[in-house]
Amino acid sequence: MTANTTSPMAEAPTPPAGLALRVLDAGDPGFATALEALTAFEAAQDPALDATVAAIVADVRLRGDAALLEYTRRFDRLDVPSAAALAIDPRELRAAYEALPAGQRDALATAAARVRRYHERQKAAGGSFLLADDDGSEFGQRVTPLDRVGIYVPGGKAAYPSSVLMNAIPAQVAGVGQIVMAVPTPDGVRNPLVLAAAYLAGVTQVFTIGGAQAVAALAYGTATIPAVDKICGPGNAYVAAAKRRVFGTVGIDMVAGVSEVVVVADGSANADWIALDLFAQAEHDPLAQAILVTPDAALVAQVQAAAQRLVAEMPRADIIRSSLARRGALIRVADLAQACAVVNRIAPEHLELAVADPDALLPQIRHAGAIFLGHYASESLGDYCAGPNHVLPTGRTARFSSPLGVYDFEKRSSVLRVSRAAAQTLGPVAATLAQGEGLVAHARAALARIDTTP
């Protein structure tokens, strides 16, 4: 669920009356070309949009709080007397949590506990170390958390408490000192689930700002908003463009694309479950991608029928129809080995292995953001409460990047303790290499430590 929450492009096309699901066959001569066209997604920003974002970022950097107030009035219709009024009192976070209906409160607490447990285990798996040589030297690394991070949480048409948990909890587990959250509150409406999630996740400050102006404020700081070291969290096209623009001044998690899932299934799969899993991605956005890959021709027909029957029950049916018509597919393959080859070519954000023996396929999967094993591992559980992070690489970036985790909120410093004896051995080595590079001062600095006393 890493996706941009608003497509970078304009409105969705008029949805088809029925539900169109293209069928591709991996055995067809033109399959490779068709698959490439299906999965291609242009992530480049519209030049006009990028220019708008550039102007907002520059203005916030120059005018700080005054610019924030102006943009918050313009975009969120929230008129406050000062930037200090954009901050939410931490007591309101706890109050929001305690005021939730019992069912929502318990679900949020369960999800937060599972996400925290997973990331605490992740942190315990690696850390600082020192290796000692016989001459008394020590070499290793020291892992330290970032000082302050910014969490962007989308607001407006939908609320995303799950994004709060997934971004803030690993930062807190890593030991980040301050977690600053920016969330737009159009017309001043604050979502209690989002505030309650911020309370559970250990967020230290919350400001009611959004868009490119929020990203700029977090990157450069204003009189009211503290500058952070890294910005994480999904957003619309303007947020993504702003994150690109401030990268280098601060770190960013990634520039998220649209949400995507690939389901690999065999004859043991439940067609209704697969149709719903495809819908779960398609309902995000008209540009979201949902693909079934199977060697079972009968299952293709069953999923088509299930999708036609179930789509009418979906409140976001129009978005689902548009998404599946534009970027969805049912792909027939010769066998499950070929299915895995197709998966590795797509490198999806989410991968479900809805097969009788998912463990047999797991070694063949090289590129996927999150892998769900078996019929009961619906991707929805990963989005909300299973524990592993739902901030995942999209747009084939799973070939070289990883889910958000504790490691994204830590940095590593190399540690070198060189004994007098080691300097005698290593100094001539370093000097020889430095002289070969023409760096005389490097060589002299190494040789200066050589003990020339008889």
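- A donor-acceptor pair under 3.5 Å links the side-chain atoms of Arg327 to the main chain of Leu287, judged by distance alone.
- Crowding of Arg121 atom CZ: a count of heavy atoms from other residues, nucleotides or ligands under 6.0 Å not exceeding 12.
- Panel note: side chain Asn236, backbone Pro154; no donor-acceptor pair is recorded below 3.5 Å.
- Side-chain atoms of Ser162 do not come within 3.5 Å of backbone N or O of Tyr384 as any donor-acceptor pair.
- To the nearest 0.5 Å, atom CG of residue Leu86 and atom CD1 of residue Ile225 are 6.5 Å apart.
- Across all their heavy atoms, Val194 and Pro161 have their closest contact at CG2-N, 4.0 Å.
- The side-chain heavy atoms of Leu278 and Val263, taken from C-beta on, include a pair separated by under 4.5 Å.
- Open room surrounds CZ on Phe247; 12 or fewer heavy atoms of other groups in view lie less than 6.0 Å from it.
- Residues Pro393 and Glu349 fail the side-chain proximity criterion, which asks for heavy atoms closer than 4.5 Å.
- In terms of heavy atoms, Arg73 sits closest to Val80 at NH1-O, 4.4 Å.
- Ion pair Arg190/Glu92 flagged as a salt bridge, since at least one NZ, NE, NH1 or NH2 atom sits closer than 4.0 Å to an Asp/Glu carboxylate oxygen.
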Show me the donor-acceptor pairs, under 3.5 Å and distance only, between side chains in residues 167-180 and residues at least two apart or in other chains.
{"unit_1": "Asn167", "atom_1": "OD1", "unit_2": "Gly233", "atom_2": "N", "d": "3.4"}
{"unit_1": "Asn167", "atom_1": "ND2", "unit_2": "Ser163", "atom_2": "O", "d": "2.8"}
{"unit_1": "Gln172", "atom_1": "OE1", "unit_2": "Arg116", "atom_2": "NH1", "d": "2.3"}
{"unit_1": "Gln172", "atom_1": "OE1", "unit_2": "Arg116", "atom_2": "NH2", "d": "3.3"}
{"unit_1": "Gln178", "atom_1": "OE1", "unit_2": "Arg148", "atom_2": "NE", "d": "3.0"}
{"unit_1": "Gln178", "atom_1": "OE1", "unit_2": "Arg148", "atom_2": "NH2", "d": "2.9"}

Residues Thr39, Arg345; criterion side chain to side chain contact (heavy atoms under 4.5 Å, CB included); working and verdict: CA-CA 10 Å; Thr39 56; Arg345 188 180 303 177; over 6 Å; no
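- A distance-only check finds a donor-acceptor pair linking the side chain of Arg399 to the backbone of Arg396 [under 3.5 Å].
- Listed for the Arg412 side chain is no donor-acceptor partner under 3.5 Å among the backbone atoms of Val143.
- Applying the 6.0 Å contact sphere to CZ of Arg142 captures no more than 12 heavy atoms from other residues, nucleotides or ligands.
- Taking the side-chain contact (heavy atoms from CB on, under 4.5 Å) definition, one finds that Ala307 meets it with Leu19, Leu21, Ala275, Phe279, sequence neighbours left out.
- For the pair Arg245 and Asp50, the salt-bridge criterion is met [side-chain N within less than 4.0 Å of a carboxylate O].
- Results of the side-chain contact (heavy atoms from CB on, under 4.5 Å) test with His350 over Val262, Thr394, Val261 single out Val261 as the only residue that passes.
- Every residue two or more places apart in sequence or in another chain that forms a side-chain contact (heavy atoms from CB on, under 4.5 Å) with Asp272 is listed here: Asn270, Ala306, Arg309, Leu310.
- Judged by distance alone, with hydrogens and angles left aside, the side-chain atoms of Asp408 form a donor-acceptor pair with the main-chain N or O of Gly405 at under 3.5 Å.
- In terms of heavy atoms, Ala337 sits closest to Gln364 at CA-OE1, 3.7 Å.
- Looking only at distances, a side-chain donor or acceptor of Lys243 sits under 3.5 Å from a matching main-chain atom of Met254.
- Glu260 places no side-chain N or O within donor-acceptor distance of the main-chain N or O of Pro348, the cut-off being under 3.5 Å.
- A distance of 9.5 Å separates CH2 in Trp273 from OG in Ser378, rounded to the nearest 0.5 Å.
- In this structure, CG in Asp335 is found 12.0 Å from CG in Asp266, a value given to the nearest 0.5 Å.
- No more than 12 heavy atoms of other residues, nucleotides or ligands lie within 6.0 Å of OH in Tyr376, so this atom counts as exposed by the packing criterion.
- In summary, the side chains of Asp296 and Thr294 do not present any donor paired with an acceptor at a separation below 3.5 Å, with no hydrogens or angles considered.
- Expressed to the nearest 0.5 Å, how far CG of Leu299 lies from CG of Leu330 amounts to 9.0 Å.
- At least one donor-acceptor pair under 3.5 Å links the side chain of Asn344 to the backbone N or O of His367.
- Taking OG1 of Thr222 as the start and CD of Gln213 as the end, the distance is 12.0 Å to the nearest 0.5 Å.
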task: Begin with the C-alpha distance, continue with both residues' side-chain angles, and end with the deciding distance and a verdict on side chain to side chain donor-acceptor pair (under 3.5 Å) for Gln281 and Glu379.
output: CA-CA 9 Å; Gln281 289 308 299; Glu379 185 273 323; 2.4 Å; yes
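- Around the CD atom of Glu36, the shell of radius 6.0 Å holds no more than 12 heavy atoms that belong to other residues, nucleotides or ligands.
- Between atom NZ of residue Lys411 and atom CG of residue Leu146 there is a gap of 6.5 Å, rounded to the nearest 0.5 Å.
- Looking only at distances, no side-chain donor or acceptor of Ser259 sits under 3.5 Å from a matching main-chain atom of Ala288.
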